[in-house]
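Since the structure comes first, as structure tokens, the remarks are kept for the end.
Note that these values count all heavy atoms, side chains included, but never hydrogens, waters or copies made by symmetry. Quick note on labels: first sequence line is chain A, next is B, and so on, each numbered from 1.
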Amino acid sequence: MPELPEVQTVLDGLSQAIRGRKILDIECYYPGTLRLAGNLPDPLYPRQAESFRRRGKYMIIGLSGGLSLIIHLRMTGKLVYDPTPGEVLAHERARIKLERDEAVHFIDIRTFGKLQLCRTDELGQYLPNLGVEPLEPGFTAEYLRDALSGKKAPIKNALLDQRIVAGLGNIYVCEALYRAGISPLRGSGSLKLKELKAIVKESRLVLAEALAVGGTSISDYRRIDDKTGEFQHFLQVYQKQECPKGHPLENIKQAGRGTWWCPLCQK
DNA sequence: CAATGATCCTGTCCGC
DNA sequence: TGCGGACAGGATCATT
């Protein structure tokens, strides 16, 4: 499941592969995967891919002439750079066609991923409200204290809320809470500043470590060259039976998603 | 307003 | 062998 480290890894790969290149067309093979804003210029193509940035789990590619392409991989989306593309691939939902007959495939088994083309000056209308970036200076214990004050929702749910922190997903929230020694069931508003500091520190660490090895490949996630990331080998609790200390883990459901945690290590 | 649940999807895995 | 059902989950929308 692409979270911040995976999205950043894909984005870096995409930037390497197509920065400065001309996009000749974007074809859509599954209804709704490619969405066009209503007021786009004609002709729409060609457009040069000029800039590459990330906000939360959204990739934002700046195109020449004041346009932007927003890409969200959701759960099973993949971008694959292909210098010699042929027929439409299995599960290929869209294709970014480049000059010299090259392409980037958007492959997405479960079809939840989206490509949105819009004017750059209207980007705000096409991105949801997103909270602080967890690897930037604004992500502090004090920020979390203010954002979570009075909230009754479990800390696990709050950390998954992209309006509070943008980029964390199920895997890294489970890992960060384990490392911080905090139970995922704790009420958000009940956490002390010291505990929030541990959450901030461990979230940053786990994200940075995962980013350094190209993300976590549990099932579908791949880099742009279709290679796997390596952080799955370093997970301590996600989809595990026992924690590093040998304690049995509990697997519960929170907000419809699996939580793995150690009742002995996390309080 | 906040919190929860349903929804969108399909490949994989499990039990019978 | 094959089938039905549960499960995986990010974000959005509807409901309580």
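The distance from atom NZ of Lys253(A) to atom P of dC7(C) is 6 Å, rounded to the nearest whole Å. The distance from atom CD1 of Ile70(A) to atom P of dT12(C) is 11 Å, rounded to the nearest whole Å. Look at CD on Gln239(A): it is 8 Å from P on dA8(C), rounded to the nearest Å. In this structure, the CG atom of Leu235(A) is 15 Å from the C1' atom of dA8(C), given to the nearest Å. Rounding to whole angstrom units, OH of residue Tyr30(A) and C1' of dC8(B) are separated by 8 Å. For the pair Asn129(A) CG and dA2(B) C1', the computed distance is 16 Å after rounding to whole Å. Distance Ile107(A) CD1 to dT10(B) P: 16 Å, rounded to the nearest Å. Note: CG (Leu185(A)) to P (dA3(B)) measures 15 Å, nearest angstrom.
The side chain of Met75(A) has dG10(C) as its nearest neighbour among dA8(C), dA11(C), dG10(C). Distance from the side chain of Ala153(A) is smallest to dA3(B) among dA8(C), dC9(B), dA3(B). Listed nucleotides: dA11(C), dT4(B), dG10(C). Nearest to the side chain of Tyr58(A): dA11(C). Each of dC9(B), dA8(C), dA11(C) was ranked by its minimum atom distance to the side chain of His72(A); first place goes to dA11(C). When distances run from any side-chain atom of Asn251(A) to the nucleotides dA11(C), dC9(B), dA8(C), the shortest one goes to dA8(C). Taking the side chain of Asn157(A) as heavy atoms from C-beta on, and the options dA11(C), dA8(C), dT4(B), the nearest nucleotide is dT4(B). Candidate nucleotides dA8(C), dG11(B), dT12(C) were compared by shortest atom distance to the side chain of Ile109(A), and dG11(B) ranks first. Listed nucleotides: dA8(C), dA11(C), dC9(B). Nearest to the side chain of Thr111(A): dC9(B).
For the residue pair Tyr178(A) / Glu202(A), no side-chain donor-acceptor distance below 3.5 Å is found, with atom types taken as modelled. A donor and an acceptor atom, one from each side chain of Asp12(A) and Gln8(A), are located under 3.5 Å apart.
Taking side-chain N and O atoms only, Arg257(A) has no distance below 4.0 Å to OP1 or OP2 of dA8(C). Neither OP1 nor OP2 of dC9(B) sits under 4.0 Å from any side-chain N or O of His91(A). A close approach under 4.0 Å does occur between a side-chain nitrogen or oxygen of Gln162(A) and OP1 or OP2 of dA11(C). Phosphate proximity of dG10(C) to Lys57(A): absent, as no side-chain N or O sits under 4.0 Å from OP1 or OP2. A sub-4.0 Å separation between OP1 or OP2 of dC1(B) and a side-chain N or O of Lys151(A) is absent.
Two residues are said to be in side-chain contact when any heavy atoms from C-beta on lie closer than 4.5 Å; Leu11(A) and Ile71(A) fail this criterion. Residues Phe106(A) and Leu73(A) form a side-chain contact, since some pair of their non-hydrogen atoms from C-beta on lies under 4.5 Å apart. Looking at Leu4(A) and Arg54(A), their side chains come closer than 4.5 Å, going by heavy atoms from C-beta outward.
Contact annotation for Lys114(A): no contact, since no heavy-atom pair falls under 4.0 Å across all strands. In this structure, Gly258(A) reaches the sugar-phosphate backbone alone: every heavy-atom distance under 4.0 Å involves primed, P, OP1 or OP2 atoms, never a base.
Judged by distance alone, with hydrogens and angles left aside, the side-chain atoms of Arg93(A) form a donor-acceptor pair with the main-chain N or O of Asp108(A) at under 3.5 Å.
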